[in-house]
Amino acid sequence: MQKKNWFIFLTWLAVHFSALAQKTEIYTHDLKEYNRAIELYKEKQYQSAQIIFKKVSEEKASDEVQSDCAYYIANCAIRLNQPNADLLMEKFVADYPTSSKHNQAYIEVAHYYFDEGKFPQALQWFEKVDESNLTAGERERFNFQKGYANFSGGKKKEATSYFNKVVNSKEYGSQAKYYLGYMSYEKDDYKVANEYFEQVEGEQKYKEKMSYYQADMNFKLGNFQKAIDLGTAAMAKSDAMEKSELNKIIGESYFNLKQYDQAIPYLKNYKGKKGKWSNTDHYLFGYSYYKQGDFENAINQFNKIINGNDGVAQNAYYHLGESYLKTDKKQQALNAFKNASEMEFDLKIQEDAFLNYAKLSYEIGNSYQTIPGVLSAFLEKYPNNPNKLEVENLLINSFITSKNYKGALELIEKNKNFSNKAAYQKVTFYRGLELYTDGDFTEAMKMFKKSIAEPRDPKFTARATFWKGETEYVLDNFAEAMLTFKQFAGFAEAKSTPEYKNINYNIGYAHFKLKEYEQAASYFQNHIDAVKEDKVRLNDSYLRMGDCYFVSAKYWPAMEAYNKAIELKGVDADYAAYQKALSYGFVNRNDKKIEDLNTFLKSYPKSQYRDDVLFELGNTYTNNNKSDLALKTYDQLINEYKNGSFAAKAILRQGLIYYNDEKPQLAITKLKKVAAEYPRTPESLEAVNTARQIYVDTGNVNEYADWVKTLDYVEVSDADLDNTSYESAEKQYLQNNPKGAITGFSNYVTRFPNGIHSLKANFYLAQLYFADGLENNAIPHYEFVVSKPRSEYTEQSLARLTEIHLKKKDYAKAIPALKRLEAEADFPQNITFAQSNLMKSYYEQKDYTNAVSYADKVMANQKVDDRIKSDAQIIIARSAIKTNDEVKAKAAYAKLQTIAKGELAAEALYYDAYFKNKEGKYEPSNAVAQKLAQDYSGYQYFSAKGLVLMAKNNYALNDSFQATYILESVIKNFEEFTDVVEEAQKELDAIKAEESKRNSSIQN
């Protein structure tokens, strides 16, 4: 080799080795840092390792080192939980597609997430692993961990597949079998679950976990004793949740073994699902207490089952009913049995519950349905029930004892197969009494006739006959009433009835109304002889007997009877004194008559007969030629009763006295006063005629003519035509030809609107229209009469007008007319009528102050019967409720209870229960509500309101089942009473909201 070439070679070699040495130095340096990073990575110092890997990758390292650095940088990012770590790994795969670390990257990241317990993330990376590149050991770990990741994510099918791949693995086999067993347990495949569990039960770490599942599986397989044993063994090493479930398993196992005393403490310690018990939990606990005879605790559990609608609930409600019966809570038992009877899950329980419901309905009453309806429904649904005969007998008796005669009657008349005619006779009789009490006399009569038409029980036939007579009497059919009363008296059984003691009194009144006074007096005397203890009727009998003798002109016997009435100092003693005084006049004892009349004025200063007495006294003085005393007495009458019915008559009498005493000017003054102040009255016409005679006698005919022209109701020129027209119409009236009379009177008032007889014609015309049902036609004619000065037709016209306005509910017109009637009426019954209807009218107008004021007036009237007093008391009570004066309302309803009947009695009972509830007296309130249900179930509105009260009481007494069941029944059964349903719904919503809070794990 040439030197030159050698030199060139040496130079190249030197340069080459120099470069090689430099490169090796750099590479060596990189590997040293890289290896340091690897060591740090192995020591799990991922942050430091990542920094060095990044530094090495940023220098000019080989592709292989760059690839490895990218792998480890991404791996460290994952382990450091850095954002986008998965994206770094994806970038590594994308940037270095030929790297041998792809599969290793996936598997190591997956293992990392698995070890961290992040199973969803682990599963994502397991899915990327190529299993074919794994070693046998790696594949086992992969299969187990991927199986568990699927298991934890609820993918049981995928988990099963991977667990099965390692079921025989030494390292993972036991775990796989445990989880395969658990998944079989969850699927209720207890056979397979047991097979797996048995293979690993020797291992302590699984034994404790499996004891709970094995206890549960044995319970579900019906191996109750084994479940108890396993559950008891597992209890000590279980957590709180498992202990709760184990208590349930052990408790229910004892329950199924009928060892209820053993079951109770375990069931008691069960904490429920999410802190709440199910209906089944309450049932098991309650039934265990029931079987131990601890009915109060049984009730406490059963009644927490609300809204139940399955076999468990039906069973619970039935045994709740039984428990209530054992503790003598019959109303609550009725509700529970009713609920169970409406469910069809267990037909035997349903039938037995219905039987108990029906029998309890009969015993204590039923607010939901008529008692006969319940009993009939049972017989219809269960015609072959062994208790059929007993229920049929109860059905018969229920028609009477339930007092729901209307519903019972409807049921009987709809049931064509009903054959107990004796029951039908009683029901129609009692329904007739109800209708009579309510004032529906026409319908009452129909009932009494139906009862008589079924003469099964002689006593009820007699009683129905009596009340038929009473009804005929109030309908003014006095002849029929008399015959019916006498028919009643002829019955052999009549003497044993409560009605018999007053039969003579009733027959006496029938004769009296027929003006058969001799017979009437005889029967009144018979009553007096037979019945002494009834002071009211005794007093009245003396009065009517006196009237009979008086009308028959037997004045001395009349005075004896009146004296007896006076001695009793009862109602109408003033009337007796007045009649006695009149009687002296008819036996020519005018001095005694005058004496008695004057005594009357002192003894009875507020008597309604005072104006009659003054007028009669004045007349008697006149007849005895004691003119001064007569004039003085008439003046007293006029001053005290300026607008009274005798005022015009008294002034006229004064005029006549002056005329007879030859004092024409004084007479003319009085007569003109009558004509001016009381125009168109009979007195004014008589005054005009008498004045005419005086003017004729005194020769002052012109003065008479001038005066009479000022009287618009005296048309002298048409007088004959006026009289003729009126007499023609009156003739039709007296001949009982209403149609002709209406035509005649109408023609008269049209032609002579201010005629001589216009007052009388308008009155008769109004009466005819009223009798014909043409009340609107009658109104203007009654109004004509009452617009004129007081006459003998004023009071009756006012009474008719108010009756028409009240019927039309035109209170704006009724109230003024009633007030005038009250002020002007002579007849006591019209005053009573006015006051009682003013009371009602003001109430309807919501003027409660005036309503109560008039109610107090009615209550103060001793002559008012109980029916009107009931109306007054209810007005007082209702007004107090409307004005929120509950103290007054309570007192008023308490008084009402003592006199009310029918629906008013039901209302009074309801408010008795209402006020007891308000006072926190829940059990007494329930007792009254039950009485309302038992005795007045026919009055559905108050029955429904009473049930709502009962629900409130029961909830206050911690009986949620009763409260909710009653309210649901009200909502279901009383849709027609919207206010009651709204109240019930409001209470039900409140209770359910509260119960949803209460129904926690604390069940004691």
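These numbers were taken from a predicted model, which means no experiment stands behind them.
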message: Check this for me: does any side-chain nitrogen of one of E434 and R431 sit under 4.0 Å from a carboxylate oxygen of the other?
response: yes
Cation-pi geometry met for K426 and F429 (6.0 Å, 45°): no
message: For I528, is there any backbone N or O sitting under 3.5 Å from a side-chain donor or acceptor partner on K532?
response: yes
- prompt: Checking K515 against F512: charged group under 6.0 Å from the ring centre and within 45 degrees of the axis?
  reply: no
query: Is there side-chain contact between L433 and F448, with at least one heavy-atom pair below 4.5 Å?
result: yes
task: Using a cut-off of 6.0 Å, state whether more than 12 heavy atoms not belonging to K486 lie near its atom NZ.
output: yes
Pairing of E683 and K649 as salt bridge, 4.0 angstrom limit: yes
Of all pairs that satisfy salt bridge (charged side-chain N to carboxylate O under 4.0 Å, His left out), the ones with a partner from residues 626-641, not counting sequence neighbours: R610-E640
Pair E616 + K593: basic N to acidic O under 4.0 Å: yes
field: Atom pair CZ/OG1 of R820 and T802 - distance to nearest 0.5 Å
entry: 11.5 Å
Q525 versus D529, side-chain donor and acceptor atoms under 3.5 Å: yes
- request: Taking all heavy atoms of V674 and all of L652, pick out the closest pair and write down the distance.
  value: CG2-N, 3.6 Å
statement: Residues at least two apart in sequence or cross-chain that pass ring-ring contact (aromatic ring centres under 6.0 Å, His included) with F478, listed by chain then number, are Y473
Scan the side chains in residues 542-552 for donor-acceptor partners under 3.5 Å anywhere in the protein, sequence neighbours excluded, and list what turns up.
| residue | atom | partner | partner atom | Å |
| --- | --- | --- | --- | --- |
| R544 | NE | D547 | OD2 | 3.0 |
| R544 | NH1 | Y509 | OH | 3.3 |
| R544 | NH1 | D540 | OD1 | 2.8 |
| R544 | NH2 | D547 | OD2 | 2.9 |
| D547 | OD1 | Y562 | OH | 2.6 |
| D547 | OD1 | Y575 | OH | 2.7 |
| D547 | OD2 | Y575 | OH | 3.1 |
| S552 | OG | C548 | O | 2.8 |

- request: Report the distance from atom CG of N777 to atom OH of Y769, rounding to the nearest 0.5 Å.
  value: 5.0 Å
Partners meeting ring-ring contact (aromatic ring centres under 6.0 Å, His included) with Y584 (sequence neighbours left out): none
message: Quick one: does any side-chain atom of N643 pair with a main-chain N or O of E824 as donor and acceptor, under 3.5 Å?
response: no
- request: Output every pair passing ring-ring contact (aromatic ring centres under 6.0 Å, His included) with a member in residues 626-656, not counting sequence neighbours, ordered by first then second residue.
  value: F615-F646
- prompt: Is the Y505 ring parallel, tilted or perpendicular to the H527 ring (thresholds 30°, 60°)?
  reply: tilted
- request: Look at K468 together with E472 and state whether they make a salt bridge at an N to O cut-off of under 4.0 Å.
  value: yes
Nearest heavy-atom neighbours spanning T681 and P789: CG2-O, 4.2 Å
Minimum heavy-atom distance S451-Q425, with the two atoms named: OG-O, 2.9 Å
message: Run the ring-ring contact (aromatic ring centres under 6.0 Å, His included) test against Y523 and tell me which residues pass, sequence neighbours left out.
response: H511
query: Under 4.0 Å between a Lys/Arg side-chain N and an Asp/Glu carboxylate O for K857 and E822?
result: yes
